[in-house]
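Read through the structure below, which is laid out as structure tokens, and then see the notes.
These numbers come from the heavy atoms of this one structure, side chains and all, not from hydrogens, waters or symmetry mates. Position 1 is the first residue of the sequence; numbering continues from there.
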Amino acid sequence: MNLLVRVRCPARRGEARGGLAARLREPTQVVFLALLALVAVGWALVALHGDQFLTMESVVGIQQRSAALGIVAIGQTLAILAGSLDLSVAYLISLASLVAAEIMAGQDGNIVPAVAAVLAISALVGLVNGLVITGLQVHAFIATLGVALIIKGIVDHLYDGPAGKVPESFQLLGYSRLGPIPVSAMLWAGVAVLAWFLLSRTRLGYRIYAVGGNEEVARLSGIRTGRVIVITHMLCSVCAGVAGLLLAGRLGAGAPTVGTDGGYDLESIAAVVLGGTALAGGKGGVAGTVGGVLLLAVLDTIFNQLEVNSFVKDVVRGVVIVIAVAVYARRGTRRSA
């Protein structure tokens, strides 16, 4: 018995070390380690430039700029985990901001109806996306792109420029803060926590991972895969609607290009990928997406303080995304081998 104990203990210690090393190599840990490294590099570069990095103003700015993208990216995470994606979010954000601002029309009493209308329209768009994908068997890329073009046509036909007016009380959503934490960042954190709870503590969350991992196996296991995909698209669109409300509060009015100018469709997918969620679905989570959004926000802050032109910004961001995907793909290949 003593011999067995002596033989097994080193093995267990080795397993524990291996388990810890494996956890440190997980995409979520990797993206946060990369974030810390980026902060250190940014601090040095900005100091050489004769400026200060991560002042109170810049920290608040990072939180405010990342809030809208973060909310959209959380919704995109749900869709991608189910093996889908959504390219209509950018135009939906623009539509949501316009609908909200026009219904509010500067009246505090119209805030609740405006929010309800935006959430209902967003859920309807998500329902259409999901039904086209599952009912008509159209690939998510084409289906959501088609819905995006429909929304674009509606917005271009009805609006030539900014419209409506958001009351000052609702604008607090975009600019007010409690200490160093903006209200918009709290909203993003709340959405992230809800999504995390959904994915890790509910049956729907388990089914989302199952459908994204292998839709056919999930179907044979008794999961209504079509329903899961529809629900994830509805949740993704609702997140886009919430982001549209936030941006309307920040701008004080609705804008027909606020979603596309921000590039929230591709940016949200990039943040999800940086966070380690597999585009094929079934692997990843909300924590990694939060890290990916913060990484992009910190990178933008560094570029702004260094006065880097937009061309270099886009090139560097593209290189970062490609490297991240390559690293994750290589790690996945090694593990499967």
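- Here salt bridge (Lys or Arg N to Asp or Glu O under 4.0 Å) pairs that include residues 297-313, with residues two or more places apart or in two chains, are D300-R317.
- Pairs of residues two or more places apart, or lying in two chains, never qualify as salt bridge (Lys or Arg N to Asp or Glu O under 4.0 Å) while including a residue from residues 40-54.
- With a 4.5 Å cut-off between side-chain heavy atoms of Ile, Leu, Val, Met, Phe, Trp and Tyr, the cluster of V193 takes in none.
- Residue pairs meeting the side-chain hydrogen bond (donor to acceptor under 3.5 Å, both in side chains) criterion with at least one partner in residues 123-143, sequence neighbours excluded, are S88-N129.
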Tell me which donor-acceptor pairs under 3.5 Å the side chains of residues 152-161 have, and how far apart each pair is, sequence neighbours excluded?
unit_1: K152; atom_1: NZ; unit_2: D156; atom_2: OD2; d: 2.9
unit_1: Y159; atom_1: OH; unit_2: E102; atom_2: OE1; d: 2.8

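- Listed by first then second residue, pairs satisfying side-chain hydrogen bond (donor to acceptor under 3.5 Å, both in side chains) with a partner in residues 176-190 number zero, not counting sequence neighbours.
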I'd like a table of donor-acceptor pairs (distance under 3.5 Å, sequence neighbours excluded) in which one partner is a side-chain atom from residues 107-114, with atom names and distances.
unit_1: D108; atom_1: OD1; unit_2: S169; atom_2: OG; d: 2.6
unit_1: N110; atom_1: ND2; unit_2: I103; atom_2: O; d: 3.1
unit_1: N110; atom_1: ND2; unit_2: M104; atom_2: O; d: 3.3

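- Alongside M186, the hydrophobic cluster contains L178, I181 (criterion: ILVMFWY side chains under 4.5 Å).
- The stretch residues 204-218 participates, sequence neighbours left out, in these side-chain hydrogen bond (donor to acceptor under 3.5 Å, both in side chains) pairs: E216-R219.
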For residues 284-298, which side-chain donor-acceptor pairs fall under 3.5 Å, sequence neighbours excluded?
unit_1: T289; atom_1: OG1; unit_2: T77; atom_2: OG1; d: 2.7
unit_1: T289; atom_1: OG1; unit_2: G285; atom_2: O; d: 3.3

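- Considering only residues two or more places apart in sequence or on other chains, L85 meets the side chain to side chain contact (heavy atoms under 4.5 Å, CB included) condition with Q76, I80, L87, T144.
- Sequence neighbours left out, the pairs with a member in residues 221-241 that pass side-chain hydrogen bond (donor to acceptor under 3.5 Å, both in side chains) are S84-H233.
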